[in-house]
S.K.: 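Please read through the structure below; I'll follow up with questions.
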Amino acid sequence: QVQPVESGGGSVQAGGSLRLSCAASGGVFSGSTMAWYRQVPGKERELVASIRSGGNTNYADSVKGRFIISRDNAKNTVDLQMNSLKPEDTAVYYCNLRYRGTHWGQGTQVTVSS
């Protein structure tokens with residue numbers, strides 16, 4: 001079974017940085033799109049950033065210029081470097097993989113204090 005697993009979440013102060021990592025097991029995903037989403041209580045899950053197999057990226061306007069998504073196809077991993085964090089970035093962050101369907105990780109909590 002395809003299973004993405006997130007790591008790197010935690011608590012930081014506003015203006016700080018954090019790096020999230022997602023490792024996917026259960027297949028070879030070099031040709032698949034990988035992405036990061038986030039969700040807060042009472043709101044819909046939203047796309048933060050995505051990266052195609054060839055390296056093309058897409059970012060939500062709210063994180064553009066602050067976050068960077070990258071991947072390592074040999075390791076089946078996708079990272080999200082988050083800089084200049086704001087309290088509104090506080091959410092549970094989920095890794096998403098499209099491979100013979102859509103697969104989600106369990107999520108990792110990111111808390112940004114003011």
S.K.: Take atom CD in Gln106; do more than 12 heavy atoms of anything else shown fall under 6.0 Å from it?
M.R.: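 Open: at most 12 neighbouring heavy atoms sit under 6.0 Å from CD of Gln106.
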
S.K.: Where do Ile69 and Asn58 land on the side chain to side chain contact (heavy atoms under 4.5 Å, CB included) test, with the steps shown first?
M.R.: CA-CA 9 Å; Ile69 188 171; Asn58 179 258; over 6 Å; no

S.K.: List the steps, then state whether side chain to side chain contact (heavy atoms under 4.5 Å, CB included) holds for Asp89 with Arg66.
M.R.: CA-CA 11 Å; Asp89 293 319; Arg66 300 189 296 123; 2.8 Å; yes

S.K.: Could you tell me which non-hydrogen atom of Asn76 sits nearest to which non-hydrogen atom of Ser30, and how far apart they are?
M.R.: OD1-N, 4.3 Å

S.K.: Any cation-pi pair here, Arg45 with Tyr94, using under 6.0 Å and within 45°?
M.R.: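 Yes, a cation-pi geometry holds between Arg45 and Tyr94.
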
S.K.: Specify the closest pair of heavy atoms between Ser53 and Asn73, including all atoms of both residues, with the distance to one decimal.
M.R.: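 Heavy atoms of Ser53 and Asn73 come nearest at O-ND2, 3.7 Å.
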
S.K.: Quick one: does Met82's side chain get under 4.5 Å of Val110's, heavy atoms only?
M.R.: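 Side chain of Met82 against side chain of Val110, heavy atoms only: contact under 4.5 Å found.
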
S.K.: Can you check side chain to side chain contact (heavy atoms under 4.5 Å, CB included) on Cys95 and Val78, steps first, answer last?
M.R.: CA-CA 8 Å; Cys95 179; Val78 58; 3.9 Å; yes

S.K.: What is the minimum heavy-atom distance between Gln3 and Gly105, and which atoms define it?
M.R.: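 It is NE2-CA, 4.4 Å.
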
S.K.: Considering all heavy atoms of both residues, which atom of Leu97 and which atom of Pro4 are nearest to each other, and what is their separation?
M.R.: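 Closest heavy-atom pair between Leu97 and Pro4: CB-CG, 4.4 Å.
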
S.K.: Measuring from Leu18:CG to Gln81:CD, what's the distance to the nearest 0.5 Å?
M.R.: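 The distance works out to 8.0 Å.
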
S.K.: Just wondering, more than 12 heavy atoms not from Arg52 lying within 6.0 Å of its CZ?
M.R.: no

S.K.: Is the distance from the ring center of Trp104 to that of Tyr37 below 6.0 Å?
M.R.: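 Aromatic pair counts; centres sit under 6.0 Å.
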
S.K.: Would you say Val92 and Leu20 are hydrophobically clustered, going by side-chain heavy atoms of ILVMFWY under 4.5 Å?
M.R.: no

S.K.: At what distance, to the nearest 0.5 angstrom, does CZ of Phe67 lie from OG1 of Thr57?
M.R.: 14.0 Å

S.K.: Do you reckon Ile68 sits in the same ILVMFWY cluster as Leu85, going by side-chain contacts under 4.5 Å, direct or chained?
M.R.: yes

S.K.: What's the spacing between Ser62 OG and Lys86 NZ if we round to 0.5 Å?
M.R.: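 Spacing of OG (Ser62) from NZ (Lys86) equals 8.0 Å.
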
S.K.: Indicate if Trp36 and Val12 have the same hydrophobic cluster label, given that clusters are the connected sets of ILVMFWY residues with side-chain heavy-atom separations under 4.5 angstrom.
M.R.: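 Trp36 clusters together with Val12.
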
S.K.: Using a strict threshold of under 4.0 Å (side-chain N to carboxylate O), is an ion pair present between Arg19 and Asp79?
M.R.: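 Between Arg19 and Asp79 there is a salt bridge, with a charged N closer than 4.0 Å to a carboxylate O.
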
S.K.: Judged by atom type as modelled, is there a donor-acceptor pair below 3.5 Å linking the side chain of Arg71 to the main-chain atoms of Ile51?
M.R.: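 Here the side-chain-to-backbone pair exists.
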
S.K.: Are Tyr59 and Leu47 side-chain neighbours, meaning at least one heavy-atom pair lies under 4.5 Å?
M.R.: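 They are not in side-chain contact.
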
S.K.: I need the minimum non-hydrogen distance between Glu6 and Thr108, along with the two atoms involved.
M.R.: CB-CG2, 3.9 Å

S.K.: Which heavy atom of Pro87 sits nearest to which heavy atom of Ser114, and what is that distance?
M.R.: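 Shortest heavy-atom contact: CG-CB, 3.9 Å.
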
S.K.: Quick check: do Phe29 and Val2 have side-chain heavy atoms less than 4.5 Å from each other?
M.R.: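 Yes, their side chains come closer than 4.5 Å.
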
S.K.: Using a 3.5 Å distance criterion without hydrogens, assess whether the side chain of Thr90 forms a donor-acceptor pair with backbone atoms of Val112.
M.R.: yes

S.K.: Hey, does Cys22 have a side-chain heavy atom less than 4.5 Å from the side chain of Val5?
M.R.: no

S.K.: Please report the interatomic distance CD(Gln39) to OH(Tyr93), rounded to the nearest 0.5 Å.
M.R.: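 Between Gln39 CD and Tyr93 OH, I get 12.0 Å after rounding to 0.5 Å.
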
